K.L.:
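Have a look at this one before I ask anything.
Below, chain A is the first sequence line, B the second, and so on; all start at residue 1. The shown structure was predicted, so the numbers you read here are calculated from the model rather than taken from an experiment.
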Amino acid sequence: MNLLTYALITHVISGVIAIGLIHLVFMHLIKKSPNWRYLSAVSLSSVILFLVSWVTSAFYYVTYYGKSVKPKIVEGPYPWAHQIFMEAKEHIFILIPFLAISLYLCIKILEKNQDDRFKKAVSILALIALILGTFVAGAGILVSGAVR
Amino acid sequence: MNEEKILRLTKASLEGVILVSILIASLTIGGELYSPLKDFLKNTFMHHWLGKSYLSVALFLLILFVRFFSKSDLKKISRTVYLAVVFSLVSSLSMMGFFVAHTFHLI
């Protein structure tokens, strides 16, 4: 395996685990009395994993995808996989680490001040990060499947 | 870090999300409609996507630094959480909608 393969594998695995952790955060946030210290550690881990996923995707995307993968998709039977889903995915992805950082900081507040209204707002923030993350992961699967 | 500092940092971070959402959608849609903008990002940062990534990190850090010094409370932060949710959704949907319309030559 070369460096590109390691970068792609790291991007996918760290991204999927980070989305799973956001899901975990969301599920705990809708509970009546979550363990805030645990949630704080989980959300911090998701931030770190999203950043790892971002850096490794940059390496793969900039050095390999545009030259070797994109032309195959665009000239193949499913050009819309790149034109719609890859284009949307690569840009929506940029928002997610910032949402994860904000989510972590909100949980740090909730650790000290369990206000119900604020907790509800934070659970919606976690849900949006989860929806966008799931879309990005799903689009990634679709784009991979379009390479012929 | 004390509670007041976390409150200020969180509000600044959420404001950063709002402005990054606007920046990414503007650079992405703007770059497709006005090619010199995309070329500028490519020529300056090696790749247009790297340009958008670097600029969004720079903007987020700038907002963290500038807005950290303004006072905040839980009520204001709750409002900013909802704004961050709305802006990130609108930004994502506008980019998705744009690429759908662009692919089918509606734009």
K.L.:
If you count heavy-atom pairs within less than 4.5 Å of chain A, which of B:Leu74, B:Ile6, B:Leu14 leads?
P.N.:
B:Leu74
K.L.:
Quick one: of A:Ala58, A:Gly66, A:Ala129, A:Ala121, who has the most non-hydrogen atom pairs under 4.5 Å with chain B?
P.N.:
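Answer, by heavy-atom pair count under 4.5 Å with chain B: A:Ala121.
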K.L.:
For side chain to side chain contact (heavy atoms under 4.5 Å, CB included), just list the numbers for B:Met95 and A:Ile92, CA-CA rounded to whole Å, side-chain angles, deciding distance to a tenth of an Å, and then say yes or no.
P.N.:
CA-CA 8 Å; B:Met95 287 190 282; A:Ile92 292 171; 4.1 Å; yes
K.L.:
With a 4.5 angstrom heavy-atom cut-off, which part of A:Ile109 approaches chain B: side chain, backbone, both or neither?
P.N.:
both
K.L.:
Contact part of A:Ile128 toward chain B, heavy-atom cut-off under 4.5 Å: side chain, backbone, both or neither?
P.N.:
side chain
K.L.:
Specify which of B:Gly16, B:Ser91, B:Ser13 makes the most heavy-atom pairs with chain A at under 4.5 Å.
P.N.:
B:Ser13
K.L.:
Under 4.5 Å from any heavy atom of chain A, what part of B:Leu9 do you find: side chain, backbone, both or neither?
P.N.:
both
K.L.:
Measuring from atom CG of A:Leu95 to atom OG of B:Ser88, what distance do you get when rounded to the nearest 0.5 angstrom?
P.N.:
6.5 Å
K.L.:
Find the distance between OG1 (B:Thr10) and CG (A:Leu103) and round it off to the nearest 0.5 Å.
P.N.:
10.5 Å
K.L.:
Which pair of non-hydrogen atoms, one from B:Val81 and one from A:Cys106, has the smallest distance, and what is that distance?
P.N.:
CG2-SG, 4.1 Å
K.L.:
Between A:Ser57 and B:Trp49, what is the shortest heavy-atom contact and its length?
P.N.:
OG-CH2, 3.6 Å
K.L.:
What part of B:Leu7 is in contact with chain A, defined as an atom under 4.5 angstrom from a non-hydrogen atom: side chain, backbone, both or neither?
P.N.:
both
K.L.:
Tell me whether the rings of A:Tyr61 and B:His48 are parallel (<30°), tilted (30 to 60°) or perpendicular (>60°).
P.N.:
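Perpendicular.
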K.L.:
Closest approach of A:Arg117 and B:Tyr82, non-hydrogen atoms and distance?
P.N.:
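Scanning both residues completely, I find the closest heavy atoms to be O-OH, 4.5 Å.
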K.L.:
Which atoms form the tightest heavy-atom contact between A:Phe85 and B:Met96, and what is the distance?
P.N.:
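That would be CE2-CE, 3.8 Å.
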K.L.:
Going from OG on B:Ser56 to CZ on A:Phe98, what distance comes out if it is rounded to the nearest 0.5 angstrom?
P.N.:
4.0 Å
K.L.:
State yes or no: do A:Ile101 and A:Trp36 share one hydrophobic cluster built from I, L, V, M, F, W and Y residues joined by side-chain heavy-atom distances below 4.5 Å, directly or via other members?
P.N.:
yes
K.L.:
When rounded to the nearest 0.5 angstrom, what is the spacing between CE in B:Met46 and OG1 in A:Thr63?
P.N.:
7.5 Å
K.L.:
Specify which of B:Ile24, B:Thr28, B:Val20 makes the most heavy-atom pairs with chain A at under 4.5 Å.
P.N.:
B:Thr28
K.L.:
Looking at every non-hydrogen atom in both residues, tell me the closest pair between B:Ser78 and A:Phe118 and how far apart they are.
P.N.:
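Scanning both residues, the minimum pair turns out to be OG-CD1, 3.3 Å.
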K.L.:
Of the non-hydrogen atoms in A:Ile84 and B:Phe104, which two are nearest, and what is the gap between them?
P.N.:
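Residues A:Ile84 and B:Phe104, closest heavy atoms: CD1-CE1, 4.0 Å.
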K.L.:
When rounded to the nearest 0.5 angstrom, what distance separates OG1 in B:Thr103 from NE2 in A:His82?
P.N.:
9.0 Å
K.L.:
Measure the spacing between NE2 of B:His102 and CD of A:Glu87 and express it to the nearest 0.5 Å.
P.N.:
8.0 Å
